[in-house]
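This report refers to the structure that appears directly beneath it.
In listed order, ligands and their atoms are each counted from 1. The residues of the chain are indexed from 1 along the displayed sequence.
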Amino acid sequence: MKKNILVTGGAGFIGSHVVRLLVNEHPEYKIVNLDKLTYAGNLSNLNDIAGKPNYTFIKGDICDVTLISSVITTHDISHIIHLAAESHVDRSILNPLEFIQTNVLGTATLLDAAIKAWSGNMEEKLFYHISTDEVFGSLGSMGYFSETTPYNPHSPYSASKASSDHLVRAYHDTFGLPVVLSNCSNNFGSHQFPEKLIPLMIDHIRNNKPLPVYGKGENVRDWLWVEDHAKAISAVLHKGKNGHTYCIGGNNEWKNIDLVKTLCAVLDVKLERRPGTSEKLIAYVTDRPGHDARYAIDASKIQNELGWSPTPDFKWALEKTVDWYLANDAWLTEVTSGEYRKYYEAQYANR
Ligand code: NAD
Ligand code: DAU
């Protein structure tokens, strides 16, 4: 069936992979990408599909109710995939209110515009909210997050995402809005803004800069290749059940320090350095306040019900990612100039 899909945040890291997948795999759909182009949004992420007839870009803010209502009506939007967010935990500690504005009020604005535009006919409509495993809080050394794990967020970022998840479920229960949600673990891959662990480390190793590891580097994350996440999002969009939540993860847990050392070893080879050279750049720095110890996802629901599973070869995906950053020096240089320098100073000075 034909779908007219509004993707919010489609110029960001995950959003650009989702837009590319849907535009290429579904020429019969109309894909409208609405993005404010904050520091994290970059239209050059989508150069390869920008001229396709089934793709439209609109620069705009999800908090602008007049614009959102008009986009839903003008483009006869049937499906919304909502990725737009402030997404970096450290920035949420420096400036929490921006996260409440975009992640809570922005999501509420979209939900409200959707029920008003679709009122009287919710058939064949869907609001798909993209969320994070951070809403569940922190695990000890055992156990996994699943769809039934109670919420227990610790950072302004995760608390704002938890609020948005609750709002989505409230609009479903109260107004009958058809919704699906997914909560995903840490993504990595091409086009990720280099404030996040993996691209930051690649950029610093390449440039012989210190590698800032928070605390003792013992925190654990479950890493998923972004192209696998995009396929999972497509599976939930097409086959997810109304009102349901799906947990998405890579079944791929790494202590931060082990992952950083692996990146050092991969880059030693690619940059033709003597083994062990890049590891000498590791610098332990003051821990992140409220730092969650461990995230790990039980993804059996999406695997069993929707037939999705991640690429099993993490090392292959990591090397492919490293190769992309090495080949796209101009992209890295462009996004790390300007505003990023000020953020980097505020975040890492005196740690
Ligand atoms: P990102 O920061 O790379 O991109 C966010 C995009 O949203 C940018 O293009 C930005 O310009 C846009 N945006 C921000 N505020 C906006 C506003 N007010 N109006 C319109 N557009 C706005 O983020 P990402 O890492 O791609 O994450 C995308 C979504 O996935 C987020 O909702 C995030 O919470 C969720 N998520 C991310 C991860 C991860 O590991 N990166 C994991 C799980 C879930
Ligand atoms: O789990 C999903 C979440 O993953 C998403 O919801 C977020 O949008 C995304 O940013 C990510 O959050 P994290 O805080 O886990 O990712 P980040 O890359 O910032 O950090 C990963 C781990 O590495 C974390 O334990 C903190 C640590 N770290 C991070 C940076 C930037 C360091 O040790 N040094 C660093 O410089």
Shortest protein heavy-atom distance from [atom], along with the residue and atom involved:
atom                    : answer
atom 27 (C) of ligand 2 : N256 ND2, 3.5 Å
atom 24 (C) of ligand 2 : H291 NE2, 3.4 Å
atom 21 (N) of ligand 1 : K36 N, 3.1 Å
atom 14 (O) of ligand 2 : R288 NH1, 2.6 Å
atom 21 (C) of ligand 2 : L197 CB, 3.8 Å
atom 5 (C) of ligand 1  : A85 O, 3.5 Å
atom 23 (O) of ligand 1 : S87 OG, 3.2 Å
atom 8 (O) of ligand 2  : S87 O, 2.7 Å
atom 29 (C) of ligand 1 : L83 O, 3.2 Å
atom 4 (O) of ligand 1  : G12 CA, 3.5 Å
atom 40 (O) of ligand 1 : N187 N, 2.9 Å
atom 11 (O) of ligand 1 : D35 OD1, 2.6 Å
atom 11 (C) of ligand 2 : N186 ND2, 3.4 Å
atom 27 (O) of ligand 1 : I14 CD1, 3.8 Å

Please work out, at 4.0 Å between heavy atoms, whether the side chain, the backbone, both, or neither of [X] comes within that distance of ligand 1.
X    : answer
N103 : neither
C63  : neither
Q101 : neither
Y157 : side chain
N186 : backbone

Indicate the atoms forming the closest heavy-atom contact of [X] with [Y], along with that distance.
X    : Y   : result
L46  : A11 : CD1-CA, 4.4 Å
G106 : C63 : CA-SG, 3.7 Å
F13  : H17 : O-CD2, 3.2 Å
L6   : L34 : CD1-CB, 3.8 Å

Are any side-chain N or O atoms of [X] and backbone N or O atoms of [Y], one a donor and one an acceptor, separated by less than 3.5 Å?
X    : Y    : result
S185 : I297 : no
R20  : N45  : yes
D268 : G276 : yes

Please report whether ligand 2 has a polar contact with [X], defined as an N or O pair separated by less than 3.5 Å (distance criterion only).
X    : answer
Y348 : yes
V213 : no
E134 : yes
Y214 : yes
S185 : no
L200 : no
D133 : yes
Y157 : yes

Any heavy atom of [X] closer to ligand 2 than 4.0 angstrom?
X    : result
Q347 : no
K161 : no
C184 : yes

Among the heavy atoms of [X], does any lie under 4.0 Å from an atom of ligand 1?
X    : value
G106 : no
S16  : no
S131 : yes

For ligand 2, which atoms have a heavy atom of [X] less than 4.0 angstrom away?
X    : result
K196 : 10 (O), 18 (O)
H88  : 19 (O)
E195 : 31 (C)
Y295 : 1 (O), 15 (O)
V89  : 14 (O)
P212 : 32 (C), 33 (O), 34 (N), 35 (C), 36 (O)
T132 : 1 (O), 2 (C), 3 (C), 5 (C), 6 (O)

Take Y55 and N33, measure what side chain to side chain donor-acceptor pair (under 3.5 Å) needs, and give me the verdict at the end.
CA-CA 8 Å; Y55 173 71; N33 171 14; 3.1 Å; yes
Hey, are E28 and K2 close enough for a salt bridge, meaning a charged N less than 4.0 Å from a carboxylate O?
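The answer is no: the pair does not qualify as a salt bridge.
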Aromatic [Y] / basic [X] pairing, under 6.0 angstrom, 45° off normal:
X    : Y    : value
R288 : Y214 : no
R91  : Y343 : yes
R294 : Y144 : yes

Could you measure the distance from the [atom1] atom of [X] to the [atom2] atom of [Y]? Nearest 0.5 Å is fine.
X    : Y    : atom1 : atom2 : answer
I81  : L83  : CD1   : CG    : 7.0 Å
N42  : N47  : CG    : CG    : 8.5 Å
I233 : H238 : CD1   : NE2   : 12.5 Å

Determine all donor-acceptor pairs shorter than 3.5 Å in which one atom belongs to a side chain in residues 65-76; sequence neighbours excluded.
from: S69; atom 1: OG; to: V65; atom 2: O; distance (Å): 2.9
from: T73; atom 1: OG1; to: S69; atom 2: O; distance (Å): 2.9
from: T74; atom 1: OG1; to: S70; atom 2: O; distance (Å): 2.5

Pair K301-H244, side chain to side chain donor-acceptor pair (under 3.5 Å): steps then yes or no
CA-CA 10 Å; K301 179 177 176 184; H244 278 236; 3.0 Å; yes
Please report the C-alpha distance between S163 and S160 in whole Å, then the side-chain angles of each, then the deciding distance to 0.1 Å, and finally whether the side chain to side chain donor-acceptor pair (under 3.5 Å) criterion is met.
CA-CA 5 Å; S163 305; S160 69; over 6 Å; no
Salt bridge (charged side-chain N to carboxylate O under 4.0 Å, His left out) pairs, two or more places apart, involving residues 224-250:
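Matches after skipping sequence neighbours: K241-E305.
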